[in-house]
Amino acid sequence: MTESNTPAAAGKSVKRSAWSSKWAFILAGAASAVGLGNLWRFPYLAARYGGGMFLLTYFVLAFTVGISLLLLETALGRRTRQSVIGSFSYYNKKYRFIGVLATLVPFIITPYYCIIGGWVTRYLAAYVVGSPSAMADGGAFFTSFITSPVGSLAFMVIFMAIVFIVVGLGVQKGIEKSNLIMMPLLIAFTIGIAIFCMVQPGAWEGVKYYLVPDFSKFSPQLVIGALGQMFYSLSLAMGIMVTYGSYLDKKENLTAGVSYIAGFDLLVSFFAGIMIVPAAFMAMGSADAVAAGSGPSLMFITLPQVFVDMGAAAKVIGVLFFVLVLFAALTSAISLMEACVSIVQDGLHFSRRKAMTIVIIIVLALGFFVDGGYSFFSFIQPMGEGSSLLDLFDFVSNSVLMPIVALLTCIFVGWVIKPKELIDEVRSSSKFKLASVWSVMIKFICPVLLVIILIAFVGSSLGAFSI
Ligand code: PFF
């Protein structure tokens, strides 16, 4: 990325960052998209919601709704040449609030994302220095780690420190360089480990469960789970892709760019499922047991057991696997942190250094608080018996704010500024044969789906029904 002077909305000349090439944009978009969502969340959702049926639904949704929204956000950013708050107020100050809501999301996600990043760092350290069987004890290792105030905080701080250093080095020296190293390794490790897992004795039943759709497993819950996952995974509705689009040169092909980003994201999710769903199958034995027993602990409790069952390979595979997850978590956390820094920088007109200091203080303070939800503040169970502060942060960002922001964005583009405004932007650099289909998606289909997931998420958390 480079700095350049570009005319802004009001005709003033402002200094804006710019991607050094289309590939820098694609790599950054993919680095933000590919993260814990792909490696930790996607596989347990696929395992829980019937394997192949979930996979199929997810692919269909990602290639229709997901790609439409990704294109919308990047085109809006490039059209207005503003980051997220400015993009909305560019048209009228009264729409600024949509951008403000979007900017809340990275501030809520970053602290808890770094806590889970800390768990991954702890597991990697344990695989490097210890015996793989230490983690394969039915969950005792995991529970005692996350509830130990000092240990889990220390690893959260280590993870955050890496993120702070990379972001502190700046966009070119820190973010672009680290993506350039971590992303290709991540893709290579994902495919390599997935193939290794697939050929393990006993894995085939699980591979079939994951790949062959069983249409009887289709349910509203499955669709809602897939939609929520798609938002999270593609980093939608939090202003990041708008900002990234605003750095993109007017001559670069937007449709190809977003297709690559979505393609990378799907590829990693697909292979993550191949690694983990058959493993869950091996550990639990039947489709029903997998569906009933899969949840967030799949990676931290079930998988270590499966690694141990691989015998001599356990240590190597454990190390490689957690290096892979760490890279994915880091690249996403870096992009989340960069989003927070640019929001403070743009919003308060602070220098980058000052903005970083403020963001570090906020992220550390919230991180301590949320992590304390498993120890000091475990008496706070905000979402009912046994729930944690992390659950609350996850819920507010993913289930409430993201659908609301996405809905408002679709209404804004579909009905206020009108799709043609962005269709012209896309067409300024490439063909856009599906423009009329895209308009229908943005005006009708996406808003309806978003209202459904919003009602479903909020309704289920209030206990009205279960999803
Ligand atoms: N897309 C990331 C994941 O799937 O883990 C999560 C995320 C990263 C969301 C970066 C937002 C973001 F800016």
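Note that ligands are numbered from 1 as they come in the structure, with each ligand's atoms numbered from 1 the same way. The first residue of the sequence shown is numbered 1, and numbering continues consecutively from there. All values below come from the heavy atoms of this structure, side chains included, with hydrogens, waters and symmetry mates left out.
In this structure, OH in Tyr95 is found 10.0 Å from CD1 in Ile417, a value given to the nearest 0.5 Å.
Side-chain atoms of Arg78 and Ser429 include a donor-acceptor pair closer than 3.5 Å. With no hydrogens or angles considered, no side-chain donor-acceptor pair links Ser32 and Ser332 at under 3.5 Å. Ser83 and Thr243 share no donor-acceptor pair across their side chains, judged by distance under 3.5 Å alone.
No N or O atom of Leu234 sits closer than 3.5 Å to an N or O atom of ligand 1. Any N or O atom pair closer than 3.5 Å counts here, and Leu336 shares no such pair with ligand 1. The distance criterion of under 3.5 Å between nitrogen or oxygen atoms is not met by Ile240 with respect to ligand 1. At a 3.5 angstrom cut-off on N or O pairs, Ser335 does not count as close to ligand 1.
For the pair Ser32 and ligand 1, a heavy-atom separation below 4.0 Å is found. Residue contact annotation: Trp40 has no non-hydrogen atom under 4.0 Å from ligand 1. The shell of residues lying under 4.0 angstrom from ligand 1, judged by heavy atoms, excludes Ile109.
When heavy-atom distances to ligand 1 are checked against a 4.0 Å cut-off, Ser332 comes that close through both its backbone and its side chain. Counting heavy atoms under 4.0 Å from ligand 1, residue Arg41 does not touch it at all.
Nearest to atom 11 (C) of ligand 1 among the protein's heavy atoms is Met238 SD, 2.9 Å. Looking from atom 4 (O) of ligand 1 to the surrounding protein, the closest heavy atom is Ala33 O, 3.1 Å. Of the protein's non-hydrogen atoms, Ser235 OG, 3.8 Å is the one closest to atom 7 (C) of ligand 1.
Between Trp119 and Phe300, the two ring planes are perpendicular [angle over 60°; tilted spans 30° to 60°].
Each of Phe321, Phe307, Phe141 was evaluated against Tyr123; a single residue qualifies, Phe141, per the ring pair (Phe, Tyr, Trp, His ring centres under 6.0 Å) test.
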Please walk me through it: do Ile115 and Phe155 pass side-chain contact (heavy atoms from CB on, under 4.5 Å)? CA-CA 8 Å; Ile115 293 174; Phe155 278 92; over 6 Å; no

